[in-house]
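Just so you know, these numbers come straight off a predicted model, no measurement behind them.
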There are 2 protein chains.
Amino acid sequence: MQLTLEQVRKQFQECGLKFTSQRYAIYRALAGSKEHPSVEDLYSTVKKAHPTLSMNTVYNTLESLQAIGIASEISLWHDKARFDANQAPHHHLVCLRCKKIEDLYDDTLDSLALSPKAKQRYRIIGHRIEFHGYCSDCKAKINKHKKRR
Amino acid sequence: MQLTLEQVRKQFQECGLKFTSQRYAIYRALAGSKEHPSVEDLYSTVKKAHPTLSMNTVYNTLESLQAIGIASEISLWHDKARFDANQAPHHHLVCLRCKKIEDLYDDTLDSLALSPKAKQRYRIIGHRIEFHGYCSDCKAKINKHKKRR
DNA sequence: TCCTATTTAGTAATAATTACTATTTACCAT
DNA sequence: ATGGTAAATAGTAATTATTACTAAATAGGA
C-alpha cells in the first residue's frame, strides 16, 4: 500500500525536509518491494531511472524516510554482530535511544502458536521477540527534554 | 549460568574441534557478560589475559561456539541494513539457510501483553517477532540432503 | 614424545557505512 | 516568475566490520 506522490511530498514538507525526485524514487522502490531491500538493492533499482544517483543519497533518504515515519529499518542491530551464550528461551528489550539490549524472561511469550498457513510456509525452529522502547535511563532523559521546551 | 571448563571441553571435543585456552576464555567472557557483546567487546576483554589474541580468533571462536550450540548470534541480519516501507503491524519469517525474510501478518501476535515488571523497566513502543526456520525451498533441499547419506 | 591437522596471529583484502566538499536544487520571499 | 539561500546531491575519500590468506604454534591422538 504505497503512499501517493502528494502524500509523500506532504510528509516531507511537514517535517521541514525538501521533497526531491530522488527521495520519491527511493521511497517507491522500497514500498514496491517485498524483499526488505538493502541500501545496495535500492541503489541498483533506482539508478536505472536516476543514473547519477549516489549511495550517499540512498543512505540519506532512508534516514529521512525513517524520520518522517514512512519507513523503518528492520535490522535494528545491523551495525555489528552481537552474541549471547544464554541458550535458555528468552526475548529482548531494545532501547531505541541508547541501543542497549536487555534480556526478558517471560514463559508466556516462549510458546506462541503460529497460524496453520504460516506453518505450511515455514518449518519453524524457534522465535524471538524484540520489544522496542526506551530504557529507564533514556525514559527519564526524554521526559526532561520534553518539559524543557 | 556458565558451563564449567570440563563441560566446554567436552562440547568441543564431541564435535571434533580442539579445545584451546583462547576458546575457553572467549566463552567465559561471553557467558559472563549481560551486554550481548560484539566481537570487538570480547576481543578487548579477553586481550587482557591473552595479549597476543587476534580478532580472527574471536571471529573463529564465535563460529565454533555457535556450531556446537553453546552460543548464538542475536543480530541475525547484521551483515547489511534492511528496510521496510510497510508500517502496518507485522512480523517476520527468517530463513536460516537462505536468509530470506518474509512478512507474516497475524493479528493475534500484534497484541502481546508484557508483564508488569517489564513495563516498569521499559516504555515499550512496539514489538516485532522473528520466527526462525526454513522456507519451503530450503526445507526441501535439507530433506534431500538428509536422505542422500 | 612425536606427528599432523587444526588453530592462532598477523597482515592484507573486501564490503558496508560514514565523512567531506563542491555543485546543484527546492522552495520561500520578493 | 525570479532570485537567494539553506538543504540535498554526487562524487570521492576515510573509516569500520568482516573475510581471506599464510606462516608459526599447538592440541591431542599414535
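With hydrogens and angles left out, the side-chain atoms of D103(A) and H36(B) include a donor and acceptor closer than 3.5 Å. T61(B) and S64(B) share no donor-acceptor pair across their side chains, judged by distance under 3.5 Å alone.
When the C1' atom of dT16(D) is taken as reference, atom CZ of R82(A) falls 16 Å away, rounded to whole Å. For the pair N60(A) CG and dT9(D) P, the interatomic distance rounds to 5 Å; values are reported in whole Å. Spacing between atom CG of L62(A) and atom P of dT9(D) amounts to 11 Å, rounded to whole angstrom units. Between the P atom of dA16(C) and the CG atom of D41(A) lies a distance of 10 Å, rounded to the nearest Å. If you measure from atom CG of L65(A) to atom P of dA8(D), you get 12 Å, rounded to the nearest angstrom. Between the P atom of dT26(D) and the CG atom of L53(B) lies a distance of 14 Å, rounded to the nearest Å. Residue E73(A) contributes atom CD, which lies 12 Å from atom C1' of dA16(C) at whole-angstrom precision. Computed from coordinates, the Q13(B) CD to dT7(C) C1' distance equals 14 Å when rounded to whole Å.
Using bins of under 30°, 30° to 60° and over 60° for the plane-to-plane angle, the ring pair H92(B)/H90(B) lands in the perpendicular bin.
At a non-hydrogen distance threshold of 4.0 Å, nothing from residues 21-28 of chain B comes into contact with DNA chain D.
One distance of note links OG of S136(B) with OH of Y134(B); it measures 14.0 Å at 0.5 Å rounding.
With hydrogens and angles disregarded, a donor-acceptor distance shorter than 3.5 Å links the side chain of D41(A) to the backbone of S38(A). R82(A) places a side-chain N or O within 3.5 Å of a backbone atom of E35(B) that can act as its donor or acceptor partner. Of the possible polar contacts, none joining the Y27(B) side chain to the I70(B) backbone as a donor-acceptor pair under 3.5 Å is found. Distance alone, capped at 3.5 Å, places no donor-acceptor pair between the R23(A) side chain and the V8(A) backbone.
Using a 4.5 Å heavy-atom cutoff, the side chains of W77(B) and E73(A) are not in contact. In this structure, the side chains of L93(A) and I124(B) come closer than 4.5 Å at one or more pairs of heavy atoms.
Residues L17(B) and L17(A) both approach DNA chain D. Their nearest nucleotides, taken by heavy-atom distance, put L17(A) toward the 5′ side. Comparing P51(B) and F19(A) by the nucleotide of DNA chain C whose heavy atom lies nearest to each, the residue mapping closer to the 5' end is P51(B).
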For nucleotides 1-6 of chain D, print each protein N/O atom paired with a nucleotide N/O atom at under 3.5 Å, atom names and distance only.
unit_1, atom_1, unit_2, atom_2, d
dA6(D), N3, K18(A), NZ, 3.3

Shorter than 3.5 Å, N or O on both sides, protein versus nucleotides 17-20 of chain C: list them out with atom names.
unit_1, atom_1, unit_2, atom_2, d
dT17(C), OP1, A81(B), N, 3.0
dT17(C), OP2, Y59(A), OH, 2.7
dT17(C), O5', Y59(A), OH, 3.1
dA19(C), N6, N56(A), ND2, 2.9
dC20(C), N4, N56(A), ND2, 2.8

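Neither OP1 nor OP2 of dA26(C) sits under 4.0 Å from any side-chain N or O of T20(A).
Nearest to the side-chain atoms of S54(B) among the listed nucleotides dA9(C), dA8(D), dG28(D) stands dA9(C).
Ion pairing between E102(B) and R121(A) holds under the 4.0 Å rule for side-chain N and carboxylate O.
A centroid separation of 6.0 Å or more is found between the aromatic rings of H127(A) and H91(B).
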